[in-house]
Amino acid sequence: MRAWVLLSAVLWYLTGVGWQRNSERTEKGFIYGKPGHPVKVYVKLHHNSPVLVCMDFKRAEKETVDPTYLWVGPNEKQLSGSNRINITNTGKLTVKDFLEPLSGLYTCSFSYKTIKAETQEEKIVKQRYDFMIFGKKSNRRIFPEPSIYFQP
């Protein structure tokens, strides 16, 4: 009986049910940033990256006034849309046909306004989110590996 309880707890943890293991990843496959902590993402080579969202999950559930997003790639240059890089107006980044040289630190700077109801005073809030993206080769032959690996 004790072994069954232990096995159930381990499986519960590994699937991310009830724990924060996959808290940054939603059912839609979006991966949210985590302020002050880089989020590690493993992408199978020649596959698309998951959708990286330039905000944390809690902020996404709130109304955001005048948001701006700025993505910087591993070469420390500002990213813009191209045939390989897709950035939406809502700050979501996807890298298509991921190659090993694209591995590295992807940083998003996110800013928005807060307005006090009583005084109508505006304040600009800035937040930075880091994503470490790694290209992963698959060495398995029998069982195909998933194209997206996520590790908090």
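What you see below is based on every heavy atom in this structure, not just the backbone, and it leaves out hydrogens, waters and symmetry mates.
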- [ ] Please step through side-chain contact (heavy atoms from CB on, under 4.5 Å) for the pair Asn83 and Lys96, ending with a clear verdict.
- [x] CA-CA 8 Å; Asn83 60 343; Lys96 299 174 186 173; over 6 Å; no
- [ ] Would you give the length of the straight line joining atom OG1 of Thr68 to atom CG of Asn89, rounded to the nearest 0.5 angstrom?
- [x] 12.5 Å
Task: Verify same cluster id: Ile133, Leu45 (apolar side-chain graph, 4.5 Å) - done: yes
Open item on the list: Within this structure, what is the CG-CD1 distance for the pair Leu93 and Ile85, rounded to the nearest 0.5 Å?
Closed with: 6.0 Å
Task: Closest heavy-atom pair and its distance - Ala60, Met55 - done: CA-SD, 3.4 Å
Task: Closest approach of Pro74 to Gly104 (non-hydrogen atoms, all atoms of both residues) - done: CB-CA, 3.9 Å
TODO: Tell me, with the steps shown, if Arg84 and Leu102 meet side-chain contact (heavy atoms from CB on, under 4.5 Å).
DONE: CA-CA 10 Å; Arg84 193 171 300 273; Leu102 297 172; 3.3 Å; yes
Open item on the list: Please tell me whether Val53 and Val125 are part of a single hydrophobic cluster in this structure, the criterion being side-chain heavy atoms less than 4.5 Å apart.
Closed with: yes
Task: Spacing of Lys92 atom NZ and Ile87 atom CD1 [to the nearest 0.5 Å] - done: 13.0 Å
Task: Plane angle bin for Tyr69 and Phe110 - parallel if under 30°, tilted between 30 and 60°, otherwise perpendicular - done: parallel
TODO: For the pair Asn48 (side chain) and Asp97 (backbone), establish whether a donor and an acceptor sit closer than 3.5 Å, ignoring hydrogens and angles.
DONE: yes
Open item on the list: Could you check whether any side-chain heavy atom of Tyr106 comes within less than 4.5 Å of a side-chain heavy atom of Val41, counting everything from C-beta outward?
Closed with: no
Open item on the list: Could you walk me through whether His46 and Leu99 satisfy the side-chain contact (heavy atoms from CB on, under 4.5 Å) test, starting with their C-alpha distance in whole Å, then the side-chain angles of each, then the deciding distance to 0.1 Å, before giving a yes or no?
Closed with: CA-CA 6 Å; His46 303 289; Leu99 301 174; 3.2 Å; yes
Open item on the list: Nearest 0.5 angstrom please: Asn86 CG to Leu79 CG, how far?
Closed with: 11.5 Å
- [ ] Give a yes or no on whether Ile124 atom CD1 has more than 12 heavy-atom contacts from other residues, nucleotides or ligands under 6.0 Å away.
- [x] no
Task: Test item: Trp71 side-chain N/O and Gly91 main-chain N/O as donor-acceptor pair under 3.5 Å - done: yes
Open item on the list: So does Val72 get a backbone contact from the side chain of Thr107, meaning a donor-acceptor N/O pair under 3.5 Å?
Closed with: no
Open item on the list: Taking the side chain as everything from C-beta on, heavy atoms only, tell me whether Pro50 gets closer than 4.5 Å to Phe30.
Closed with: no
Open item on the list: Val95 vs Val43, test: side-chain contact (heavy atoms from CB on, under 4.5 Å). Steps then yes/no.
Closed with: CA-CA 10 Å; Val95 182; Val43 181; over 6 Å; no
Open item on the list: Is the positively charged end of Arg59 above the ring of Tyr129, judged by distance under 6.0 angstrom from the centroid and angle within 45° of the axis?
Closed with: no
Task: Gly135 to Ser103 - nearest heavy-atom pair and separation - done: N-OG, 2.8 Å
- [ ] Give a yes or no answer on whether the side chain of Gln120 reaches the backbone of Ala117 with a donor-acceptor pair at less than 3.5 Å.
- [x] yes
Task: Nearest-0.5 Å distance, NZ of residue Lys62 to OG1 of residue Thr114 - done: 11.0 Å
- [ ] Measure the spacing between OG1 of Thr64 and NZ of Lys113 and express it to the nearest 0.5 Å.
- [x] 13.5 Å
TODO: Measure up the Tyr32 and Phe57 rings against each other and bin them: parallel (under 30°), tilted (30 to 60°), perpendicular (over 60°).
DONE: perpendicular
Open item on the list: Are Val39 and Phe131 packed together at the side-chain level, in the sense that at least one heavy-atom pair is separated by less than 4.5 angstrom?
Closed with: yes
